[in-house]
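We number each residue from 1, following the sequence as shown. FYI, side chains are in, hydrogens and waters are out, and symmetry mates aren't considered; it's all heavy atoms of this structure.
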Amino acid sequence: MSIDYYDLPFGAQLLLWTSRVVMNASCRSFPNKYELVDKAYKKVGLEEGRFLLKDLLAHFRKNKNFKLQSICSRNLISNEINLINCIEENKYSNFDNAYYLKIWSINNNISEFCVAVQKLSFSFKHLNLNTNINSIITNKIIPNEDNYRNITI
């Protein structure tokens, strides 16, 4: 199953693009990667977005189980889908993050990771930035009626 970046809701695109910039772009360019991310988040009304994202992504810096693609890649990989889902699921109270801690092998600073995810998630929720990709995944998995009929025959 392949999810196209352009099919994502705006909040998910913003999260993924800024995360890719922070993880893969250079600090030595002008404007540097943090200025670009700061500008993007300020455009949607999130004044501290750069710091919230930086706090979250700091847990992935040296993590071998977490990789993001380059900025221009259209088809999402599982880590990118999981990052979007992690932010979406943390918008709701008392989500424990056990699944994400396991798949990304986060063993140190677990509580700091959970706080960083929740702060970014609540900020997205407060600004009504949609990160829900369940409808995209569901639409991709369910075969259309003609294919279903052929498979069952």
Same cluster or not: [X] versus [Y], using hydrophobic residues (I, L, V, M, F, W, Y) connected whenever any side-chain heavy atoms lie under 4.5 Å apart?
X	Y	result
L129	Y6	yes
I81	M23	yes
F124	V115	no
I84	I77	no
L15	F122	no

Heavy-atom check, side chain of [X] versus side chain of [Y], under 4.5 Å:
X	Y	result
V117	Y100	no
L14	Y41	yes
P9	I133	yes
I71	W17	yes
F66	N82	no
R20	S73	yes

Gap separating the [atom1] atom of [X] from the [atom2] atom of [Y], nearest 0.5 angstrom:
X	Y	atom1	atom2	result
R61	K54	CZ	NZ	8.5 Å
F10	N128	CZ	CG	12.5 Å
L46	H126	CG	NE2	9.5 Å
L16	L83	CG	CG	7.0 Å
N108	H59	CG	NE2	10.5 Å
C86	N79	SG	CG	11.0 Å

Donor + acceptor pair across side chains of E89, Y99 (<3.5 Å) | no
Can you give me the closest heavy-atom contact between [X] and [Y], atom names plus distance?
X	Y	value
I87	L120	CD1-CD2, 3.8 Å
L52	S123	CD1-OG, 3.2 Å
L36	P31	CD2-CG, 3.8 Å
E88	T131	OE1-OG1, 2.5 Å
N90	Q118	OD1-CG, 3.6 Å

[X] (side chain) donor-acceptor with [Y] (main chain) under 3.5 angstrom:
X	Y	answer
K91	S121	no
Q69	N75	yes
Y5	Q13	yes

Steps toward side chain to side chain contact (heavy atoms under 4.5 Å, CB included) verdict (L8, I136) | CA-CA 8 Å; L8 296 174; I136 297 169; 4.2 Å; yes
For the pair W104 and F60, name the ring-plane relationship: parallel under 30°, tilted 30 to 60°, perpendicular over 60°.
-> perpendicular
May I ask you to check whether over 12 heavy atoms, not counting those of K119, lie within 6.0 Å of atom NZ?
-> no
